[in-house]
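These notes concern the structure reproduced below.
If you read the sequence from its start, that first residue is 1, and numbering goes on from there. Predicted, not measured: the structure shown is a model, and the values here were computed from it.
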Amino acid sequence: TGNTALLVTTILNRVREAGIETEYISLADKEIRPCTGCEACKEAKWCATEEDDWGSIAEKMIACEVLVIGAPTYYYDINGQTKNLIDRTYSLYHDRRLSGRRAVAVTVCADRGCERTLQTIEGFLNTHEFSYLGYVCGKGYAPGDIRKDERAMTQARQIADKIIRYLRPDD
């Protein structure tokens, strides 16, 4: 229910209203352990770390047409759970399993740091050869504050419209 979730769901709700299936996954209640750098994924083509929630989320990322990835800014960069998710996708990089999808980055900061968080997400997207549809950066501290950021809310609606145009070019 945080500000990043509000921006992401603003995008997804608008896309869903256009008749396109969406799914929202929050990492807040997920266990995603960090990458250990074991390199076993080079041969297995899948992360060797098991018994957490990473695998089910990775499968959904592989299956999606457009990934809307959002993360709050903690200490001038991406939060730890999202970073763990991103680091573990190294196992998908070997066969370019995420390549060719479209993506949108979403981030929120209280005051400053969105740019660096956005750079971290963009690095992930570029590495995996996503086609970038754009980003939304907003400012908000207390729950719901993002609704006061008119620029971010407008960007979220515009990005949703861009996703709709991509997925439904004939509409």
Side-chain angles (χ1 to χ4, degrees), residues 1-13 15-16 20-110 113-138 140 143 146 156 159 163 166-167:
T1 60
N3 290 309
T4 305
L6 283 170
L7 272 184
V8 170
T9 56
T10 296
I11 294 167
L12 296 180
N13 290 342
V15 170
R16 189 177 309 112
I20 299 168
E21 181 182 341
T22 67
E23 182 176 1
Y24 175 80
I25 300 170
S26 172
L27 301 183
D29 61 346
K30 305 288 190 224
E31 179 187 356
I32 302 174
R33 298 195 331 248
C35 175
T36 64
C38 71
E39 299 285 338
C41 62
K42 282 187 176 182
E43 187 174 320
K45 310 298 187 217
W46 192 255
C47 185
T49 301
E50 296 183 11
E51 299 177 15
D52 69 0
D53 296 310
W54 180 85
S56 62
I57 296 168
E59 287 172 2
K60 290 177 187 287
M61 290 180 4
I62 291 167
C64 79
E65 290 182 70
V66 177
L67 175 67
V68 178
I69 182 167
T73 301
Y74 290 1
Y75 296 98
Y76 290 88
D77 207 343
I78 198 166
N79 68 316
Q81 286 167 296
T82 307
K83 183 65 166 99
N84 285 350
L85 176 77
I86 287 171
D87 287 349
R88 299 263 303 275
T89 65
Y90 175 65
S91 61
L92 306 177
Y93 175 76
H94 310 293
D95 286 345
R96 306 299 191 272
R97 294 186 67 189
L98 296 175
S99 177
R101 283 151 191 77
R102 304 298 189 270
V104 170
V106 177
T107 187
V108 175
C109 60
C114 272
E115 298 81 10
R116 188 160 160 187
T117 301
L118 182 61
Q119 287 174 341
T120 299
I121 295 172
E122 287 175 336
F124 157 69
L125 298 175
N126 289 333
T127 297
H128 284 285
E129 301 171 358
F130 280 86
S131 292
Y132 198 36
L133 294 177
Y135 67 92
V136 180
C137 287
I146 196 64
I159 286 289
I163 293 169
Y166 167 70
L167 294 172

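- Summarising the geometry, atom OG1 belonging to T127 is positioned 9.5 Å from atom CD1 belonging to I86; distances are rounded to the nearest 0.5 Å.
- In this structure, the separation between CD on E115 and CD on E122 is 11.0 Å, given to the nearest 0.5 Å.
- Around NZ of K60, the count of heavy atoms belonging to other residues, nucleotides or ligands within 6.0 Å does not exceed 12.
- The two residues F130 and R102 come nearest to each other via the heavy atoms CD2-O, 3.7 Å.
- Counting heavy atoms from C-beta outward, N84 and L27 have side chains that stay 4.5 Å or more apart.
- A cation-pi arrangement is absent between R88 and Y90, since the terminal nitrogen or guanidinium carbon is not both under 6.0 Å from the aromatic centre and inside a 45° cone about the axis.
- Here the SG-CG distance, from C35 to L85, works out to 12.0 Å after rounding to the nearest 0.5 Å.
- Minimum heavy-atom separation, V8 to G70: CG2-CA, 4.1 Å.
- Looking at T117 and T82, their side chains never come closer than 4.5 Å, going by heavy atoms from C-beta outward.
- Closest heavy-atom contact between T107 and P72: OG1-C, 4.3 Å.
- The main-chain N or O of I32 is never found under 3.5 Å from a side-chain atom of D53 such that the two would form a donor-acceptor pair.
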Report the C-alpha distance between T49 and W54 in whole Å, list the side-chain angles of each, state the deciding distance to 0.1 Å, and finish with yes or no for side chain to side chain contact (heavy atoms under 4.5 Å, CB included).
CA-CA 9 Å; T49 301; W54 180 85; over 6 Å; no

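- Contact record, A71 with N79: CB-OD1, 3.5 Å, taken as the closest heavy-atom pair.
- The two residues M61 and R101 have their closest heavy-atom pair at O-NE, 3.3 Å.
- The line from SG of C114 to OH of Y135 is 10.0 Å long, rounded to the nearest 0.5 Å.
- Using cut-offs of 30° and 60° for the angle between ring planes, the H128 and Y93 rings count as perpendicular.
- Residues K30 and I25 are in side-chain contact: their nearest non-hydrogen atoms beyond the backbone lie under 4.5 Å apart.
- Counting all heavy atoms, side chain and backbone alike, T120 lies closest to K83 at CG2-CD, 4.5 Å.
- Between L98 and I62 there is a side-chain heavy-atom pair separated by less than 4.5 Å.
- Counting only heavy atoms from C-beta outward, the side chains of W46 and R97 approach each other to under 4.5 Å.
- Taken to the nearest 0.5 Å, the CD atom of E39 stands 11.0 Å off from the OG atom of S91.
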CA sep, side-chain torsions, deciding dist, call: E21, E23, side chain to side chain contact (heavy atoms under 4.5 Å, CB included)
CA-CA 7 Å; E21 181 182 341; E23 182 176 1; 6.0 Å; no

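- Remark: T10 OG1 to N13 CG distance equals 6.5 Å, nearest 0.5 Å.
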